[in-house]
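Input: a single structure, listed below in structure tokens.
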Amino acid sequence: MLMTNLNSLAIGEAAVITLLTAEVRLQQQLCALGFRPGRQVSVVRKAGFSGPLHLRMGVTEVMLRRREAQQVYVVSVEPEHDDETDCSVGGAEYR
Amino acid sequence: MKRIAVLGAPNTGKSTFFNRLTGANANIGNWPGITVELAMAHVQLKNEQVEIIDLPGIYDLQGLSEDEAIVRQFLSITPLHLVLIVINTSQIDHQLNLVLQVKHLHLPTVLLLNMADEATTFGVSVNSQKIARNLGIPVVALSAKYGQGYALAYDTIAHALNQQQQPVHLGSLEERRVAESQITEELEGLLQETVEFFTHPQETWTQRLDRVLLHPIWGLPILFGALFLTFQAIYFLAAPWQNWIEVGLHGLKVVVLEPLLAGLPPFPKSFLLEGLYDGVGTVIAFDPLITLFFFGMAVLEDSGYLSRAAFLTDGLMQRLGLDGRSFVMSMRGFGCNLPAVMGIRVMQSTNLRLLSMLILPFSLCPGRLNVFIFITAALFSTTTAPLVLVSLYGFSLAATVLSAFLLKGCFPHQESFILELPPYRFPTFKQVLLRAWYEVHHFLRWSYRFIISGVVLIWLLNHLPWNAPAMSSQTLGGMLGQATQPFMAPIGIDAQLAVTLIFGIFAKEVILGGLTLIYQQMSGATDLMGAIAGQIDWVQAFSFMLFTLLYLPCLSTLALLKSEANSIRFVLMAMVWSLGLAWTSSFIFYQSARALGF
């Protein structure tokens, strides 16, 4: 399974969170809003002018800047994005 | 007296619940050992007197933000009989986190599952009895906004309070802290047992609305259009009130006050009537406008649209070293700079706060607008006057953008910005009214001190020394005006106008009072607008308005900047920057207009 970061997902794509690499403060903010490994998140839209992402987790909707989204690692749940490249980041488990 | 604290995340309707429970009788005040002001109320709950405190909204008891530290500090030093945790039922999957953290503190707790009605529509079904059994605390589902389930919540709280005779004093939270991993494990188990999520095949109306309002191309134009219409509606609705107040105050003066004070010697009589009464009256006339503005903002905020405004503008604001919240605050600044400056407390990075504080005062507030409306009406035709006003809004925006762009290098920061986008909700009239009232109340308390000192000082400067003719160049005010001429003559502002600008530092509204006082007396005419038009031409007038727009924030805002930044140096820097920008803009405009032969 290819691990990628949240920022590289396309609009409408859904993925499961595997790893948060943000610094402590941001990590806590993310956790408080429900970003945890194992949770499914989808990209609803991206704002113009390189603005933030609009994300949905269950019924919670959140805006997250692209820079911060790069610190949230996910695996896509869409099969067509499952190309065979080996992922060296590894180690994170995906249920 | 027993004591209850209300705890919960932002956007859970925690304050709505607090207002319902306390009958909206809360006071904002200091709490011993806590650095920010908290809302608290004393109420009769069944047969007991209780003190209820509304804590800042937090997601996480272990978090690093200022609010989270405040809540921890409060919980550790305050003996409590009961903690009420309010959560948004649809977000129970992550908000139970906070509940579990509090559970491990072993405080007597009641859990309130708020917005239970909304959760059903979102396909979240919660078994509150199972949660109660599992956590060993009373749990009630309710809608604090519409009142369903409230009676049961009230009885449950009263009962729980009755059981608790002695307060619990935690002392230190650290000892009772439980590892994050254990909380997560408990959370997963609890969710599995008590909550069911149904996937919803069809779109909610929030999603449908967002598709239009957050449209990649139309989103921003819709935002600006909506704001423009809101502002227009506010001015349209406030105008008659302003007129009635002016007429009423004038009537009171002629019918009651003048006969009453007829026996006084001329000096104190003139001081009380023309100085204090007229001066404060000019300002009171603007209160409906400001009240309506707060009201409009509260509607936008409670509907959920302001979070969307932050989403839409964040990309642009990021380029200016700011973020979407700064945009929302600047918008509030168009109503009044004070609450805008107060609002930036939510930002964590000091540099981001400082940069926001530097640009917020350039927002064209109603105090300035009224001066502009008055001058444009006196010096421009009815067709050009609105264009002149629009151009001043443009300059306000340009000054904001330019300052942020030029100064962002001095205030580097790495602030992350995550914001919940809550579903759109219909604001209830009562909620909006309450919220607007709090802000109006705060505004009046803060600003009137300065406005009253301002009008009193204007009058004194224009009437002292005793033997000089009032308003003449031999008064202190006249001499002050003359002294400014080396700086002000190159931008077309004469001695009289310069004096009003000095007074305008107290509050921009005072400029209007100053213009009235000076030009009326100078020309002896009753036609004030005609008197002004006879003294200055349109190039001077526009230069004056440009300078008024940018030169300095009012004294209330300066005092607030000082207390928020906690640095007199920063305030001085802000003053130098805005004065420099104002003078340069006016200079360029005035000299080029003259060079072009106007």
Side-chain angles (χ1 to χ4, degrees), chain A residues 5-7 10-12 14 16-72 74 77 92-95, chain B residues 9 11 58-65 68 88-95 97-98 118-119 121-124 180 184 187-188 197 199-200 204 206-207 210-211 214-217 219-220 307-308 310-319 323-324 348 414-423:
Chain A
N5 70 52
L6 201 47
N7 190 32
I11 293 170
V16 172
I17 299 173
T18 52
L19 187 68
L20 303 173
T21 59
E23 44 88 28
V24 186
R25 187 192 284 269
L26 176 58
Q27 186 132 352
Q28 274 175 344
Q29 282 180 304
L30 288 167
C31 279
L33 283 167
F35 286 83
R36 266 193 215 95
R39 303 248 357 227
Q40 181 166 327
V41 55
S42 58
V43 179
V44 182
R45 60 173 60 78
K46 299 182 179 185
F49 305 101
S50 314
L53 308 180
H54 180 170
L55 303 169
R56 182 176 298 141
M57 273 173 304
V59 296
T60 307
E61 299 193 7
V62 179
M63 61 162 277
L64 185 67
R65 281 183 166 182
R66 296 183 193 209
R67 195 185 55 197
E68 275 100 56
Q70 284 172 358
Q71 299 168 27
V72 178
V74 294
V77 290
E93 56 179 71
Y94 163 51
R95 291 180 288 157
Chain B
N11 294 318
I58 59 162
Y59 290 104
D60 183 354
L61 206 52
Q62 260 125 53
L64 297 175
S65 78
E68 287 155 334
N88 173 354
T89 312
S90 3
Q91 299 184 336
I92 194 166
D93 51 342
H94 57 270
Q95 292 196 352
N97 205 38
L98 182 67
E118 210 177 69
T121 29
F122 284 135
V124 180
E180 193 75 25
T184 309
L187 177 66
E188 298 293 335
F197 297 94
T199 41
H200 257 256
T204 62
T206 290
Q207 285 164 15
D210 268 346
R211 238 175 339 156
L214 298 184
H215 189 274
I217 295 159
L220 275 175
S307 315
R308 267 79 183 175
F311 173 81
L312 287 167
T313 54
D314 188 58
L316 288 174
M317 298 305 281
Q318 209 171 352
R319 292 197 165 81
D323 64 31
Q348 287 168 9
Q414 281 292 314
E415 173 121 340
S416 52
F417 177 39
I418 306 172
L419 192 69
E420 197 184 322
L421 299 172

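Chain letters run A, B, ... following the sequence lines, proteins first and then strands; every chain starts at 1.
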Heavy-atom proximity to chain A below 4.5 Å, by part of [X]:
X	answer
B/L419	both
B/Q348	side chain
B/F197	neither
B/Q414	both
B/T184	side chain
B/I92	neither
B/I58	neither
B/R319	side chain

Heavy-atom pair with the smallest gap, counting every atom of [X] and [Y]:
X	Y	value
B/G315	A/P52	N-CD, 4.1 Å
B/A310	A/M63	C-SD, 4.3 Å
A/H54	B/L214	ND1-CD1, 3.7 Å

task = Identify the residue among A/R65, A/Q29, A/E68 that makes a side chain to side chain donor-acceptor pair (under 3.5 Å) with B/S416.
result =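 Answer after filtering A/R65, A/Q29, A/E68: A/Q29.
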
query = Under a 4.5 Å heavy-atom cut-off, does chain B meet the side chain of A/L55, its backbone, both or neither?
reply = neither

key: A/R66, part contacting chain B, at a heavy-atom distance under 4.5 Å   =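 Neither; nothing under 4.5 Å.
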
Would you give the length of the straight line joining atom [atom1] of [X] to atom [atom2] of [Y], rounded to the nearest 0.5 angstrom?
X	Y	atom1	atom2	value
A/L33	B/I418	CG	CD1	6.0 Å
A/L64	B/E420	CG	CD	13.0 Å
A/T60	B/F122	OG1	CZ	9.5 Å
B/Q207	A/E61	CD	CD	5.5 Å
A/K46	B/F311	NZ	CZ	11.0 Å

request  = Using a 4.5 Å cut-off on heavy atoms from C-beta on, say whether the side chain of B/N97 contacts that of A/R36.
outcome  = yes

ask   = Are any of the side-chain heavy atoms of B/H94 and A/R39 separated by less than 4.5 Å?
value =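 A side-chain contact under 4.5 Å exists here.
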
Of the listed residues ([options]), which shares the most heavy-atom pairs with chain A below a 4.5 Å separation?
options	answer
B/D93, B/T206, B/D314	B/D314
B/E180, B/Q318, B/H215, B/Q62	B/Q318
B/T313, B/L98, B/D60, B/D210	B/D210

ask   = Counting N and O atoms only, with roles assigned by atom type, does the side chain of B/Q91 sit under 3.5 Å from a partner on the main chain of A/V59, one being a donor and the other an acceptor?
value = no

message = For A/V44 and B/R211: C-alpha separation, side-chain torsions, deciding distance, then whether side chain to side chain contact (heavy atoms under 4.5 Å, CB included) applies.
response = CA-CA 10 Å; A/V44 182; B/R211 238 175 339 156; over 6 Å; no

